[in-house]
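Below is one structure, written out as structure tokens; comments come after it.
Letters A, B, ... are given to chains in the order of the sequence lines, protein chains preceding strands, and every chain is numbered from 1.
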2 protein chains.
Amino acid sequence: MYSVAIEDYLKSLWKLGPKNVGTQELADNLDVTPASATKMIQRLTERGLVDHIPYRGASLTKKGELEALSVVRRHRLLETFLSQTLGLGREQLHDEAEKLEHALSKNLENAIADYLGNPKRDPHGHPIPGPNGELYNETDLPLSDSPLNMSLTVMQVPDDDSNVLSWLEKNGIHPGIQLKILSRDDFDGGINVSINNRKIRISSSIASLVKISFED
Amino acid sequence: MYSVAIEDYLKSLWKLGPKNVGTQELADNLDVTPASATKMIQRLTERGLVDHIPYRGASLTKKGELEALSVVRRHRLLETFLSQTLGLGREQLHDEAEKLEHALSKNLENAIADYLGNPKRDPHGHPIPGPNGELYNETDLPLSDSPLNMSLTVMQVPDDDSNVLSWLEKNGIHPGIQLKILSRDDFDGGINVSINNRKIRISSSIASLVKISFED
DNA sequence: TATAAAGTTTAGCCAAGGCTAAATTCAAAT
DNA sequence: ATTTGAATTTAGCCTTGGCTAAACTTTATA
């Protein structure tokens with residue numbers, strides 16, 4: 001239905017939203033020039049996928065959002081599928097799914113969802129939109145500003161930075177793992193956590209990318 | 001590396017080869033106009049993927065053939081993978097693999113081959129080229145001109161005609177099945193075969209698409 | 001052998017999606 | 001209030017891969 005490029009633009013707008021997204025920010029995210037982004041925004045606007053106020057930014061229409069969620073669903077189902085079947089590591093999943101997501105038919109999407117038992121999260125803990133774009137209420141919080149000395153469960157890690165992912169994996173941090181924040185460095189925001197009686201220091205930039213919940 | 005269009009042209013040239021392929025035949029196979037095919041043949045020739053003598057036809061160079069075999073390998077590995085994991089029917093596999101094959105990285109190709117144990121044939125019985133384009137000697141013969149009253153093993157069915165495939169499936173004909181030709185209609189070439197004590201008539205056009213061997 | 005038909009190529013057009021350079025608009029700071 | 005700089009848009013170009021219509025080869029037929 002939609003081209004690879006259009007799907008990529010919608011996905012980026014969704015990731016950067018729901019606020020109005022600037023041309024520069026979008027262009028950076030897609031690795032194109034601002035001029036290219038402007039042109040595409042105009043095309044998407046014509047197709048009713050995007051609302052655009054010149055010089056003010058762009059945001060997805062309902063139609064555009066649904067299409068974006070469909071891409072995100074395919075992406076996350078693929079990650080889950082590749083993880084379960086081939087046992088790919090979390091740091092490999094994103095790039096592969098990024099390519100395959102545009103070539104996944106509705107049929108195959110359904111077959112995979114079925115095979116996996118309609119999972120609610122992918123291997124990074126990111127919620128998988130339902131077949132009609134349903135996305136359940138997100139309540140996970142950044143590890144960076146969670147309270148000390150509570151038992152926390154890691155719920156989400158980033159999916160698109162394989163360096164960060166490799167570091168997290170090496171230190172045993174992934175969805176499902178329990179940890180406790182022992183102390184916080186007031187200057188740089190870094191935290192000391194304990195995982196299975198090991199102590200690890202996590203920089204604030206990484207900690208802000210890890211989401212936790214208080215449940216276990 | 002190569003675009004979807006280029007990969008499709010190489011694959012078609014490979015399927016229609018190894019003889020010189022006419023512009024019309026190629027265009028028909030790809031559902032484009034002859035003029036478009038001509039232009040692409042010229043581009044492929046410039047890239048050293050194709051040899052072209054104007055008005056006489058085109059054929060793959062060694063480089064082009066290797067690239068084509070790489071696409072075919074991805075296609076057949078994907079068919080095998082989707083069949084094994086998701087249990088898709090033979091008549092669904094081709095179209096899905098057709099889309100995904102262009103988005104499959106070398107890494108994923110290897111992971112899938114590994115997972116499957118480096119299979120030599122796909123679910124239609126078609127040989128899967130090796131990672132460097134190795135294709136083992138093809139000795140299977142068309143069912144249409146096989147001898148009567150011998151125990152034959154079905155080795156290959158077509159992959160790209162879901163109607164034919166559905167008919168074959170409905171009649172229990174797929175790779176691995178044993179059958180015997182009871183008689184042949186001298187006028188239209190249709191044959192009467194017995195499969196598990198059932199008698200079935202197979203038209204000559206379908207019989208020419210089914211390949212058999214004498215081994216069991 | 002001359003001509004018609006079939007197949008192929010060329011010419012010129014189009015849309016998508018990039019780019020650079022120049023013009024425009026908005027916002028921030030004098 | 002003006003100016004300056006950053007962000008955005010426009011203008012114009014490029015490549016890819018389609019298309020149609022017209023020209024050109026080759027092959028088949030009369």
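Judged purely by atom type and a 3.5 angstrom limit, Ser166(B) uses its side chain to pair as donor or acceptor with the backbone of Ser162(B). Using modelled atom types, no side-chain atom of Asn132(B) and backbone atom of Glu134(B) make a donor-acceptor pair closer than 3.5 Å.
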Verdict with supporting geometry, Glu98(A) and Lys11(A), side chain to side chain contact (heavy atoms under 4.5 Å, CB included):
CA-CA 11 Å; Glu98(A) 198 81 355; Lys11(A) 193 161 51 120; 3.0 Å; yes

Verdict with reasoning, Asp8(A) to His102(A), per side chain to side chain donor-acceptor pair (under 3.5 Å)
CA-CA 9 Å; Asp8(A) 282 338; His102(A) 305 294; 3.0 Å; yes

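Between Ser3(A) and Glu7(A) there is no side-chain heavy-atom pair separated by less than 4.5 Å.
Ring to ring, Phe81(B) and Phe81(A) are close: their centroids are under 6.0 angstrom apart.
At whole-Å resolution of the value, NE2 in His52(A) and P in dA7(D) are 15 Å apart. Computed from coordinates, the Leu49(B) CG to dT16(D) P distance equals 13 Å when rounded to whole Å. Atom pair Tyr55(A):OH and dT10(D):C1' shows a separation of 8 Å (rounding to whole Å applied). Going from atom CG of Asn20(A) over to atom C1' of dC26(C) covers 15 Å, rounded to whole Å. The NE2-P distance, from His102(A) to dA16(C), rounds to 18 Å in whole Å. Taking atom CG on Leu26(B) and atom P on dT8(C), their separation rounds to 10 Å, with Å as the unit. Between Tyr2(B) atom OH and dG17(D) atom P there is a gap of 12 Å when expressed in whole angstrom units. If you take CD of Glu46(B) and C1' of dT16(D), they are 13 Å apart, rounded to a whole angstrom.
At least one side-chain nitrogen or oxygen of Thr23(B) sits closer than 4.0 Å to the OP1 or OP2 atom of dT9(C). The shortest distance between the side-chain N/O atoms of Ser3(A) and the OP1/OP2 oxygens of dG17(C) is below 4.0 Å.
A salt bridge links Arg121(B) with Asp140(B); the closest basic N to acidic carboxylate O contact falls under 4.0 Å.
In this structure, Leu165(B) and Asp159(B) approach most closely via the heavy-atom pair CD1-O, 3.8 Å.
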Do any N or O atoms of the protein come closer than 3.5 Å to N or O atoms of nucleotides 27-29 of chain C, and which pairs are they?
{"residue": "dA27(C)", "atom": "OP1", "partner": "Arg56(A)", "partner atom": "NH2", "Å": "2.4"}
{"residue": "dA27(C)", "atom": "OP2", "partner": "Arg56(A)", "partner atom": "NH2", "Å": "3.4"}

Restricting both atoms to N or O, compile the protein contacts to nucleotides 18-20 of chain C shorter than 3.5 Å, with distance only.
{"residue": "dG18(C)", "atom": "OP2", "partner": "Tyr9(A)", "partner atom": "OH", "Å": "3.2"}
{"residue": "dG18(C)", "atom": "O6", "partner": "Lys39(A)", "partner atom": "NZ", "Å": "2.3"}
{"residue": "dC19(C)", "atom": "OP2", "partner": "Thr33(A)", "partner atom": "N", "Å": "2.8"}
{"residue": "dC19(C)", "atom": "OP2", "partner": "Thr33(A)", "partner atom": "OG1", "Å": "2.8"}
{"residue": "dC19(C)", "atom": "OP2", "partner": "Ser36(A)", "partner atom": "OG", "Å": "2.5"}

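Here the rule is salt bridge (charged side-chain N to carboxylate O under 4.0 Å, His left out) with Arg73(A), and of Glu67(A), Glu109(A), Glu79(A) only Glu109(A) fits it.
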